[in-house]
*Asks:* 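Got a structure for you, written out below as structure tokens; questions coming shortly.
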Amino acid sequence: MSVQKISLIDLMEQIHNGRRPDDFFREDTDWAMVEYLDMISLYTPDDRLIFAARSHDRYKRLEADIDEPAIDPAGIIVFYYILTYDDFYCERLPHTDALYDRLYRAIRDPAVGDFMVFENGSKKHYRVKDAYGVILHSDEEDRRKLQALLIDWD
């Protein structure tokens with residue numbers, strides 16, 4: 001399956017749009033897309049870390065054509081936001097085991113404010129449920145004490 005490259009703007013639009021009421025992560029992190037773009041301090045579309053906004057290098061000038069289709073969306077890509085520092089990262093993962101490891105750690109980490117998954121260029125929606133099938137939300141749980149979890153993918 002061949003997937004065409006996309007631009008940073010296209011990927012950011014997918015990240016910014018499409019919230020659902022049953023999403024696990026419901027922290028108040030939904031800035032305007034322009035704000036996300038202004039915060040990006042690293043953009044390496046061919047590397048494992050596609051882009052990042054890190055507080056320790058936030059004020060570097062981003063020298064990139066953000067409209068150019070440069071990102072290969074094939075495989076698994078994750079976007080996650082760290083509440084503590086207003087940092088965010090978008091990176092490629094090598095396989096589904098790495099995805100589940102990162103997702104389960106993010107769900108239990110109160111510093112993580114968002115975690116999105118993309119597979120072959122499409123956003124993958126998921127719900128987090130407890131062992132009884134009850135849908136959980138990050139703003140309603142003590143995330144460090146969550147026990148057995150089920151990930152329900154659309």
*Asks:* Kindly determine whether Phe88 and Ile40 satisfy side chain to side chain contact (heavy atoms under 4.5 Å, CB included), including the steps that lead there.
*Replies:* CA-CA 8 Å; Phe88 55 83; Ile40 292 174; 3.9 Å; yes
*Asks:* Can you name the nearest heavy-atom pair linking Ile66 to Ser7, along with the distance?
*Replies:*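 Heavy-atom minimum between the residues: O-CB, 3.4 Å.
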*Asks:* Would you mind reporting whether Asp101 and Asp97 have side-chain heavy atoms less than 4.5 Å apart?
*Replies:* no
*Asks:* Quick one: list whatever passes ring-ring contact (aromatic ring centres under 6.0 Å, His included) with Phe118, sequence neighbours left out.
*Replies:* none
*Asks:* Distance from Glu13 atom CD to Leu8 atom CG, nearest 0.5 Å?
*Replies:*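 Taking CD in Glu13 and CG in Leu8, the distance rounds to 10.0 Å.
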*Asks:* Sequence neighbours left out, what passes salt bridge (charged side-chain N to carboxylate O under 4.0 Å, His left out) with Glu68? Give chain and number order.
*Replies:* none
*Asks:* Quick check against the 3.5 Å criterion: does His95 have a side-chain atom that pairs as donor or acceptor with the backbone of Ala98?
*Replies:*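 Yes, because the side chain of His95 sits within donor-acceptor range (under 3.5 Å) of the backbone of Ala98.
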*Asks:* Output all residues satisfying salt bridge (charged side-chain N to carboxylate O under 4.0 Å, His left out) with Arg108, sequence neighbours left out; order by chain, then residue number.
*Replies:*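 With sequence neighbours excluded, Arg108 shows a salt bridge (charged side-chain N to carboxylate O under 4.0 Å, His left out) to no residue whatsoever.
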*Asks:* For this output row, return yes or no: ring centroids of Phe79 and Phe115 closer than 6.0 angstrom.
*Replies:*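 That pair fails the under 6.0 Å test.
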*Asks:* Might you point out which heavy atoms bring Ala53 and Ser41 nearest each other, and give the distance in Å?
*Replies:* CA-OG, 3.8 Å
*Asks:* Less than 4.0 angstrom from a charged side-chain N to a carboxylate O is my criterion; do Asp142 and Arg144 meet it?
*Replies:* yes
*Asks:* Same hydrophobic cluster for Val128 and Ile135, using side-chain heavy-atom links shorter than 4.5 Å among ILVMFWY?
*Replies:* no
*Asks:* How far does CD1 of Ile76 sit from OH of Tyr100, to the nearest 0.5 angstrom?
*Replies:* 9.0 Å
*Asks:* Between Pro69 and Gln4, is there a side-chain heavy-atom distance shorter than 4.5 Å?
*Replies:* no
*Asks:* What's the separation between atom SG in Cys90 and atom CE in Met12, rounded to the nearest 0.5 Å?
*Replies:*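 Taking SG in Cys90 and CE in Met12, the distance rounds to 8.5 Å.
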*Asks:* Using atom types as modelled and distance alone, determine if a side-chain donor or acceptor of His125 lies under 3.5 Å from a backbone N or O of Trp153.
*Replies:*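 Flag not set: sc His125 to bb Trp153 has no pair under 3.5 Å.
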*Asks:* Grab the two heavy atoms, one from Leu136 and one from Phe24, that are nearest each other, plus how far apart they are.
*Replies:*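 Closest pair (atom of Leu136, atom of Phe24, distance): O-CD1, 3.4 Å.
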*Asks:* Under 3.5 Å, is there a donor-acceptor pair between the side chain of Arg143 and the main chain of Val112?
*Replies:*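 Yes, Arg143 side chain to Val112 backbone: donor-acceptor pair under 3.5 Å.
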*Asks:* With the side chain counted from C-beta on, respond yes when His16 and Tyr36 share a heavy-atom pair under 4.5 Å apart, and no when they do not.
*Replies:* yes
*Asks:* Spell out, yes or no, whether Val117 and Ile151 are grouped together once hydrophobic residues are joined by side-chain heavy atoms under 4.5 Å, including indirect joins.
*Replies:* yes
*Asks:* When clusters are formed by joining ILVMFWY residues with side-chain heavy atoms under 4.5 Å apart, either directly or through shared neighbours, do Leu146 and Leu150 land in the same one?
*Replies:* no
*Asks:* Is Ile107 linked to Tyr132 within one hydrophobic cluster, defined over Ile, Leu, Val, Met, Phe, Trp and Tyr using a side-chain heavy-atom separation of less than 4.5 Å?
*Replies:* no
*Asks:* Who are the ring-ring contact (aromatic ring centres under 6.0 Å, His included) partners of Tyr80, not counting sequence neighbours?
*Replies:* Tyr89
*Asks:* Side-chain donor-acceptor contacts of residues 42-49 below 3.5 Å, not counting sequence neighbours, with atom names and distances?
*Replies:*
unit_1	atom_1	unit_2	atom_2	d
Thr44	OG1	Leu49	O	2.4
Arg48	NH1	Glu91	OE1	2.2

*Asks:* Are Arg26 and Glu140 side-chain neighbours, meaning at least one heavy-atom pair lies under 4.5 Å?
*Replies:* yes
*Asks:* Check whether any side-chain heavy atom of Leu11 sits under 4.5 Å from a side-chain heavy atom of Phe51, and report yes or no.
*Replies:* yes
*Asks:* Shortest non-hydrogen contact from Pro73 to Val3?
*Replies:*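 Distance-wise, the nearest heavy atoms are CG-CG1, 3.2 Å.
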*Asks:* Please round to the nearest 0.5 Å and tell me the distance separating atom CG of Leu93 and atom CZ of Arg102.
*Replies:*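 So the gap between those two atoms works out to 5.5 Å.
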*Asks:* Tell me if a side-chain donor or acceptor on Asn120 pairs with a main-chain N or O of Gly75 at a distance below 3.5 Å.
*Replies:* yes
*Asks:* Would you check if Met39 and Asp87 make a side-chain contact, meaning some heavy-atom pair closer than 4.5 Å?
*Replies:* no
*Asks:* Are Leu99 and Phe25 grouped together when hydrophobic residues (ILVMFWY) are joined by side-chain heavy atoms under 4.5 angstrom apart?
*Replies:*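 In one cluster with Leu99: Phe25, yes.
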*Asks:* Asp152: what forms a salt bridge (charged side-chain N to carboxylate O under 4.0 Å, His left out) with it, not counting sequence neighbours?
*Replies:* Arg127, Lys129
*Asks:* Identify the two heavy atoms, one from Ile77 and one from Arg92, that lie closest to each other, and give their separation to 0.1 Å.
*Replies:*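 Distance-wise, the nearest heavy atoms are CD1-NH1, 4.0 Å.
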*Asks:* Evaluate the side-chain proximity of Leu83 to Asp114: yes if any heavy-atom separation is below 4.5 Å, no if none is.
*Replies:* no
